[in-house]
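Structure, as structure tokens:
Note: hydrogens, waters and symmetry copies are ignored here, and every other heavy atom, side chains too, is used. Letters A, B, ... are given to chains in the order of the sequence lines, protein chains preceding strands, and every chain is numbered from 1.
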2 protein chains.
Amino acid sequence: MAAERVIGKRDGNGGKKAFWHFWGCGRCCAAPSEETRQQLLAAAFEEIHRFGFQSASISRILKHTGVTKGALYHYFPSKKALGYAVLDEMIRDRMRELWIEPLQQGNPVDVLVDTINTVGRQMTLEDIQLGCPLANLSQEMSAVDEGFRERLDAIYAEWRAGLAAALRRGQQAGQVRGDIDVEATAVMVVATLEGCLAAAKNAQSHKVLMQCGQALIHYLENLRARKEE
Amino acid sequence: MAAERVIGKRDGNGGKKAFWHFWGCGRCCAAPSEETRQQLLAAAFEEIHRFGFQSASISRILKHTGVTKGALYHYFPSKKALGYAVLDEMIRDRMRELWIEPLQQGNPVDVLVDTINTVGRQMTLEDIQLGCPLANLSQEMSAVDEGFRERLDAIYAEWRAGLAAALRRGQQAGQVRGDIDVEATAVMVVATLEGCLAAAKNAQSHKVLMQCGQALIHYLENLRARKEE
DNA sequence: CGCCATTCATACCGGTCGGTATGTTATAGG
DNA sequence: CCTATAACATACCGACCGGTATGAATGGCG
């Protein structure tokens with residue numbers, strides 16, 4: 001008796017599945033149901049960004065995607081695994097693209113100032129209210145779960161190392177003052193960037209973000225090598 | 001039948017209550033059961049500091065204090081009210097004592113450098129792991145609950161205003177460079193302080209805290225007025 | 001003495017949580 | 001054609017959550 005209901009429901013979206021299976025199976029060319037997984041990742045990212053990991057609700061993610069619980073637990077063995085995947089496959093990539101990779105060429109002070117100005121201009125008030133996904137997770141989870149902490153720390157370490165390397169290259173190129181401690185400076189600049197975002201988030205204020213950004217830029221300008229000295 | 005058990009239990013700690021009541025009632029001189037409330041506040045502070053507000057568990061607070069649920073909900077109408085009380089009666093006072101009030105006299109750069117050094121020296125690794133209670137709550141709750149956000153923002157605003165006023169006084173006293181924007185500088189210094197704490201928390205590293213602190217001190221030293229210029 | 005407010009203590013509630021057990025369908029491979 | 005497996009879907013579970021209803025002990029006060 002239950003079978004009839006199930007069959008009826010199945011027919012409703014069975015066509016979609018058949019379509020995807022036309023393109024190949026997960027094993028041979030890695031294509032079809034990957035979409036479901038990506039939907040889940042995207043929705044989980046949103047949910048975690050809004051509520052934090054611990055208060056993120058599996059049921060809400062399911063509701064927003066239309067995916068069922070069986071599907072979710074088919075791809076991710078647990079909520080924690082889903083959180084790790086969001087961190088590894090979404091957040092880390094974004095941080096690399098936005099903050100780390102641009103530092104690999106050019107004058108590091110120019111790159112930083114440009115990025116700060118771009119970010120400050122592009123962020124909407126909603127973006128500001130939600131805050132930096134990396135900083136949010138870091139604040140919430142680093143003391144609670146070691147797996148999160150290690151992953152977060154790896155990203156921050158990569159960021160700091162990239163910035164320190166860029167500053168050192170800048171010193172060798174005569175763009176950056178030679179008397180600064182590049183490691184300590186990198187630590188502080190990353191901390192200040194995240195601190196500015198956090199301050200603006202709490203104040204829900206674009207002005208605070210800009211003030212903080214301008215003061216940081218003022219500091220960064222002071223890192224440039226003096227001419228003829 | 002239930003009455004017997006209750007009476008028996010009551011007698012167990014009834015003596016303590018009689019003792020406290022000897023000192024007076026809550027109405028006439030505000031003393032006795034205030035202790036229970038303070039116990040609750042202290043335990044709630046610990047719980048929130050460790051797990052965040054949303055993941056803080058009323059049952060755990062009850063277990064750690066030995067207080068019952070009836071007692072808790074006698075003093076606080078809801079979990080949120082308890083959280084607000086922790087913020088208003090514990091966290092705010094600590095921030096004022098440690099960071100804001102010292103700025104009211106002396107050379108602001110000296111005061112800041114001293115406080116940073118003191119804090120950096122006194123924080124244990126556990127303190128570092130748990131992070132700044134204010135920053136934790138701010139990151140977690142500002143986008144989720146407006147009551148928390150307002151309270152947190154008031155504390156940050158007070159801090160920034162106090163620092164800006166101190167810097168301005170420093171300018172007038174010829175201790176601080178006159179060409180800096182004191183408001184923007186205050187915003188950034190507060191952001192950097194919290195950012196350093198957050199970075200050290202995630203790295204679980206005293207070294208990161210000291211590096212960040214030293215770089216910030218280096219920046220602060222640069223705010224001093226140049227002699228003979 | 002009697003009444004009433006304070007200060008708790010206990011039992012219980014509906015709801016949500018993450019997680020699982022089982023079933024169904026479609027396709028790939030032999 | 002047969003079997004195995006991927007990819008779901010549904011129903012259900014126990015644990016825990018914040019919150020409440022009820023009542024008992026106690027002491028102040030008229």
Q.
Using a 6.0 Å distance limit plus a 45 degree cone around the ring axis, check whether A:Lys79 lies over the aromatic ring of A:Phe53.
A. yes
Could you list, one pair per line, each protein nitrogen or oxygen that sits under 3.5 Å from a nitrogen or oxygen of nucleotides 13-15 of chain D, together with the distance?
none

Mind calculating the distance between [atom1] ([X]) and [atom2] ([N]) to the nearest angstrom?
X	N	atom1	atom2	answer
A:Leu40	D:dA9	CG	P	11 Å
B:Gln39	C:dC8	CD	C1'	13 Å
B:Gln38	C:dC8	CD	P	13 Å
B:Arg60	D:dG18	CZ	C1'	13 Å
B:Glu34	C:dC8	CD	P	11 Å
A:Leu72	C:dC17	CG	C1'	14 Å
B:Tyr75	D:dG19	OH	P	19 Å
B:Leu62	D:dG19	CG	P	12 Å

[Y] side chain reached by [X] side chain, heavy atoms, under 4.5 Å:
X	Y	value
B:Ile91	B:Ile48	no
A:Arg50	A:Leu130	yes
A:Thr185	A:Met188	no
B:Asn117	B:Gln214	yes

Q.
Can you tell me if B:His74 touches the phosphate of C:dT7, counting only side-chain N or O atoms and a distance under 4.0 Å to OP1 or OP2?
A.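 B:His74 to C:dT7 OP1/OP2: side-chain N or O found under 4.0 Å.
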Q.
Counting only side-chain nitrogens and oxygens, does A:Thr68 get under 4.0 Å of the OP1 or OP2 atom of D:dC8?
A.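 For A:Thr68, the contact criterion (side-chain N or O under 4.0 Å from OP1 or OP2 of D:dC8) is not met.
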What are the atom names and distances for every N/O pair under 3.5 Å that joins the protein to nucleotides 19-21 of chain C?
| residue | atom | partner | partner atom | Å |
| --- | --- | --- | --- | --- |
| C:dG19 | OP2 | A:Tyr73 | OH | 2.9 |
| C:dG19 | OP2 | A:Lys79 | N | 2.7 |
| C:dG19 | N7 | A:Lys69 | NZ | 3.3 |
| C:dG19 | O6 | A:Lys69 | NZ | 2.7 |

Q. Got a donor-acceptor contact below 3.5 angstrom from the A:His49 side chain to the A:Asn136 backbone?
A. no
Q) Do side-chain atoms of B:Glu140 reach the backbone of B:Gln54 as a donor and acceptor pair under 3.5 angstrom? A)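 Side chain of B:Glu140 to backbone of B:Gln54, a donor-acceptor pair under 3.5 Å: yes, one is there.
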In a table with atom names and distances, give each donor-acceptor pair under 3.5 Å that connects a side chain of residues 150-157 of chain A to protein atoms at least two apart or in another chain.
| residue | atom | partner | partner atom | Å |
| --- | --- | --- | --- | --- |
| A:Arg151 | NE | A:Asp88 | OD2 | 3.2 |
| A:Arg151 | NH1 | A:Gly147 | O | 3.3 |
| A:Tyr156 | OH | A:Glu194 | OE2 | 2.8 |

Q) So among A:Glu101, A:Glu89, A:Glu158, which one has a salt bridge (charged side-chain N to carboxylate O under 4.0 Å, His left out) with A:Arg96? A) A:Glu158
Q: Tell me what B:Ala56 touches on the nucleic acid: a base, only sugar-phosphate, or nothing, going by heavy atoms under 4.0 Å.
A: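 Sugar-phosphate contact only - B:Ala56 comes under 4.0 Å of backbone atoms but never of a base.
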Q) Of all the nucleotides listed (D:dG18, D:dC8, C:dC8), which has the minimum atom distance to the side chain of B:Thr36? A)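 When the side chain of B:Thr36 is considered, C:dC8 is the closest of D:dG18, D:dC8, C:dC8.
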